Visitor: 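Supplied in structure tokens, the structure appears directly below.
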Amino acid sequence: MPELPEVETTRRGIAPYVEGREISEVVLRQRSFRVPVPEGLENALVGRRVGTLSRRAKYLLVPLEPREGEEPATLLWHLGMSGSLRIVNLGEPPRKHDHIDLVMDGGRVLRYHDPRRFGFVDWLKGTVDSDSRLARLGPEPLSETFDGERLYRLSRGRRLAVKPFLMDNAVVVGVGNIYASEALFLAGIDPRREAGRIARERYDRLAAAVKEVLTAAITQGGTTLRDFVSGTGEPGYFAQRLNVYGRAGLPCRRCGAELRAVTLGQRASVFCRICQS
DNA sequence: AAGGAGCCCTGACAGC
DNA sequence: TGCTGTCAGGGCTCCT
């Protein structure tokens, strides 16, 4: 599923095929997503040239250069939990759940696929920073502004468990259930522990663990990148490296104890009672 | 005000 | 075999 590393991989993968290209046609086979496709999006896009792609949290930002007399605008694309964007050749027939095509000049097509339709694409006028969804986001996890000191400071007085705290987008973005679980394992912290009662030193370790697991996943994403360009589908490349996520009832890779599952913030949380305290 | 619950959606799987 | 029920997930809104 598209977590931050996969959104980043997607951005890198599609950029060479869309940046600097003009959108010649838009095919919408489905308008109903978590946010409906804005009215008139097709007309607004055709004839626009795509600028340099960027990413914020799990949002992919597609800037559109203005046509004559128009303002710049940006597409805000979220892949939800089952969405993917890939490049296909013009004329390749859509498969089930291939909902949106952006046909680029030169004959390549940016194709959006999303079985569960938890994702969406929205149209931003004006500056990206003014959008309410982006304005309240915390720092990027791989930036210098995210560190143990920030986790420590923001957690004081907070009584919720550390795992949902870490998944709060106001604290740090892009850390979903998988990476929160894995980072807490690497840092040796029990996911049920009250956020406000964790020492500074342990938060230093947690921040480092978040960076470590995300960096490793982005590196692995290189594999996904090639598959996605060649259109052969995505392998479960990261699954083999998971220590706790999806492994409830199985032995801990470090100590052999049976991994336990609890629910925190309506999310399944797997951890090792021996290695995490 | 913090934090929990509900909602959106469909495929995979378990249990009958 | 085919049905029904449950779960998964991010991020938003709505409640207490």
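What you see is a predicted model, and the numbers here were worked out from it, not measured in a lab. By convention in this document, chain letters (A, B, ...) are assigned in the order of the sequence lines, proteins followed by strands, and residues within each chain are numbered from 1.
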Visitor: Measure from CG on A:Asp114 to C1' on B:dT10 and round the result to the nearest Å.
Guide: 10 Å

Visitor: Considering only side-chain heavy atoms of A:Gln266, which listed nucleotide, C:dG10, B:dA5, C:dG11, is closest?
Guide: B:dA5

Visitor: Once you apply a heavy-atom cut-off of 4.0 Å, does A:Phe165 come out as touching a base, just sugar-phosphate, or nothing?
Guide: nothing

Visitor: Should A:His78 be listed as having a side-chain N or O under 4.0 Å from OP1 or OP2 of C:dG11?
Guide: yes

Visitor: If I take atom CE in residue A:Met167 and atom P in nucleotide C:dC12, what distance separates them, rounded to the nearest angstrom?
Guide: 14 Å

Visitor: With respect to the side chain of A:Pro115, which nucleotide from B:dG3, B:dG11, C:dA8 is positioned closest?
Guide: B:dG11

Visitor: Expressed as a whole number of angstroms, how long is the span from A:Arg136:CZ to B:dA2:C1'?
Guide: 15 Å

Visitor: Salt bridge or not for A:Arg56 and A:Glu140, using N-O below 4.0 Å?
Guide: yes

Visitor: Tell me: CG of A:Leu154 to P of B:dA2, nearest whole Å?
Guide: 11 Å

Visitor: According to side chain to side chain donor-acceptor pair (under 3.5 Å), who are the partners of A:Asn177, at least two apart in sequence or on a separate chain?
Guide: A:Lys163

Visitor: Establish, from distance only, whether the side-chain atoms of A:Thr145 and A:Arg150 form a donor-acceptor pair under 3.5 Å.
Guide: no

Visitor: Check this for me, if you would: do A:Glu3 and A:Lys58 make a salt bridge, where the nitrogen-to-carboxylate-oxygen distance has to be below 4.0 angstrom?
Guide: yes

Visitor: Of the nucleotides C:dG11, B:dA2, C:dA8, which has the atom closest to the A:Ala268 side chain?
Guide: C:dA8

Visitor: Which comes earlier along DNA chain C counting from the 5' end, the contact point of A:Arg116 or that of A:Leu137, where each point is its nearest nucleotide?
Guide: A:Arg116

Visitor: Take atom CG of A:Leu160 and atom C1' of C:dT16, then tell me their distance rounded to the nearest Å.
Guide: 16 Å

Visitor: If you look at every strand shown and take non-hydrogen atoms under 4.0 Å, does A:Asn169 touch a base, only sugar-phosphate, or nothing?
Guide: sugar-phosphate

Visitor: Pick the closest DNA chain B nucleotide for A:Gln30 and for A:Pro164 by heavy atoms, then say which residue is nearer the 5' end.
Guide: A:Pro164

Visitor: To the nearest Å, how far apart are A:Arg267 CZ and B:dC7 P?
Guide: 14 Å

Visitor: Does the side chain of A:Glu92 reach to within under 4.5 Å of the side chain of A:Val109, using non-hydrogen atoms?
Guide: no

Visitor: Want to settle it: does A:Arg133 or A:Asn177 sit nearer the 5' end of DNA chain C, counting the closest nucleotide to each?
Guide: A:Asn177

Visitor: In this structure, how many angstroms lie between the P atom of C:dC12 and the CG atom of A:Leu76, rounded?
Guide: 10 Å

Visitor: Give the rounded distance in Å between these two atoms: CE of A:Met81 and P of B:dT10.
Guide: 13 Å

Visitor: Please figure out whether A:Lys96 or A:Arg159 has its closest DNA chain B nucleotide nearer the 5' end.
Guide: A:Arg159

